[in-house]
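Sequence lines set the chain letters: A, B, ... in the order given, protein chains first and strands last, and positions in each chain run from 1.
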Amino acid sequence: MASVSSQQQFRYTQPPSKVLHLRNLPWECIEEELIELGKPFGKVVNTKCNVGANRNQAFIEFADLNQAIAMISYYASSSEPAQVRGKTVYLQYSNRQEIVNNKTTADVAGNVLLVTIEGADARLVSIDVLHLVFSAFGFVHKITTFEKTAGFQALVQFSDTETASSAKNALDGRSIPRYLLPEHVGPCNLRITYSAHTDLSVKFQSHRSRDYTNPYLPVAPSAIDGSGQLTVGLDGKKLEPESNVLLASIENMQYAVTLDALHMVFSAFGPVQKIAMFDKNGGVQALIQYPDVQTAVVAKEALEGHCIYDGGFCKLHISYSRHTDLSIRVNNDRSRDYTIPNNPVVNPQPSVLGNQSVSVMGPTVQYNRTPFTPTPEHPVMPQPSAGWGHGVPPMPQSMPMQMHNNPYMPPGTMPFQVSPGMMQSSIQSGIPQSSMLPRYGSGQMQ
DNA sequence: AGCACA
């Protein structure tokens, strides 16, 4: 009933209303700014911002019609236009007499965000990139992704509303940093609202959903097979086809790297099934086999470019092997099949790590050592963890690493990059360090 | 730069 006549819709002079319609507002204008704008003329009793397709329109409602008239009259004759953040805004009477605030769930703050990834290549954004982006604001508990008519969407669960709000405020309307995306992927904007969810249900770790609080959650077969999904490394570069087998080459090998040392390093991310070491190009390389691609991905991302020992010694370079199952003919000091518990070891070497069991199944902690001084006998890097993924902090999750609250990068902050010195804390926390935080390109600001 | 209800 009472539909507004279409002739009245675009008349230049609307009949007065205590509701004013504002347009040409700056990006993501906030209710407080609207109140500030109207305050000199009267009492603003209601507002509605982020209206319209571009979300750059708004309404403000005064307590009294005369106050609205005062504001319109003032700016009608003022030499200075109404401005918000220095941007001229256009005012007119609304064709409605009151603001109807349909507070939807999207407006009610909660700890779960509904994220819509906009852009032609939105579905090429991997869940890992999303995790990285949102981890800048606090510990991300879970992420689920799905496709709806609205496009490619994700639900991102934080511990609390405050953390979720800080992420929403900083990221809504912004674009995912270019360097986090493969080169051929176009711009991807984030639209963020609150979800009514409080706790997401994640059954499997997969390319569609992750639970970073539960290292023991089974990995979905679909994730293991990759299903042709395009994935992106933490550095944003396109990866060669993922594999459960990693090829590690060791640079600057001042210390002999033993099979056991490699086993310890790589076991931090999951059960190592097989290792084969060999010489190539005057250096040492090794193939490390995990039971699944996921674990290998995590290990690669965490270890690439880092040194086994302090001082830049034994720097690892890791790529995916084309192998999927190594053939270990004999267990010796250069190759081993850890899936065969009692395989005789030929010419056994004294293990520098002591008498480790070779039973490896499941992410049980195998090297629960007290802190050690890094030496060739005790690689400095990977603290063994039962963590499934890089997003799983072995530390108490009730105390997620405190990131600085402002996600915007200070000038000069480098793009996401793991320097060797960060390695330890990166792995332990599972959360990017502040200096690794991505910088967010602003959405359209004008 | 021209009116919301998702």
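For the pair A:V19 and A:N24, both in contact range of DNA chain B, the more 5′-proximal nearest nucleotide belongs to A:N24. Annotation: of the two residues near DNA chain B, A:G52 and A:R23, the 5′-most nearest-nucleotide partner is A:R23.
Distance CZ (A:R55) to P (B:dA4): 15 Å, rounded to an integer number of Å. Atoms NZ (A:K48) and P (B:dA4) sit 10 Å apart, rounded to a whole Å. What separates CG of A:L91 from P of B:dC3 is a distance of 15 Å, to the nearest Å. Rounded to a whole Å, the CG atom of A:N46 is 12 Å from the C1' atom of B:dA4. Between the CG atom of A:L25 and the P atom of B:dA4 there is a distance of 15 Å, given to the nearest Å. Between the C1' atom of B:dA1 and the CD atom of A:Q83 lies a distance of 16 Å, rounded to the nearest Å. Distance A:N56 CG to B:dA4 P: 13 Å, rounded to the nearest Å. When rounded to the nearest whole Å, the span between CG of A:N50 and P of B:dA4 equals 15 Å.
Contact annotation for A:E61: no contact, since no heavy-atom pair falls under 4.0 Å across all strands.
Listed nucleotides: B:dA4, B:dA1, B:dC3. Nearest to the side chain of A:V100: B:dA4.
Side-chain contact check for A:L20 versus A:F62: some heavy-atom pair is nearer than 4.5 Å.
Residue A:R96 places at least one side-chain N or O under 4.0 Å from the OP1 or OP2 atom of B:dA4.
Annotation for A:H323: atom NE2 does not count as buried by contact number, only 12 or fewer foreign heavy atoms lying within 6.0 Å.
The nearest pair of heavy atoms linking A:S17 to A:A68 is O-CB, 3.2 Å.
Results of the side-chain hydrogen bond (donor to acceptor under 3.5 Å, both in side chains) test with A:Q57 over A:H21, A:K48, A:R23 single out A:H21 as the only residue that passes.
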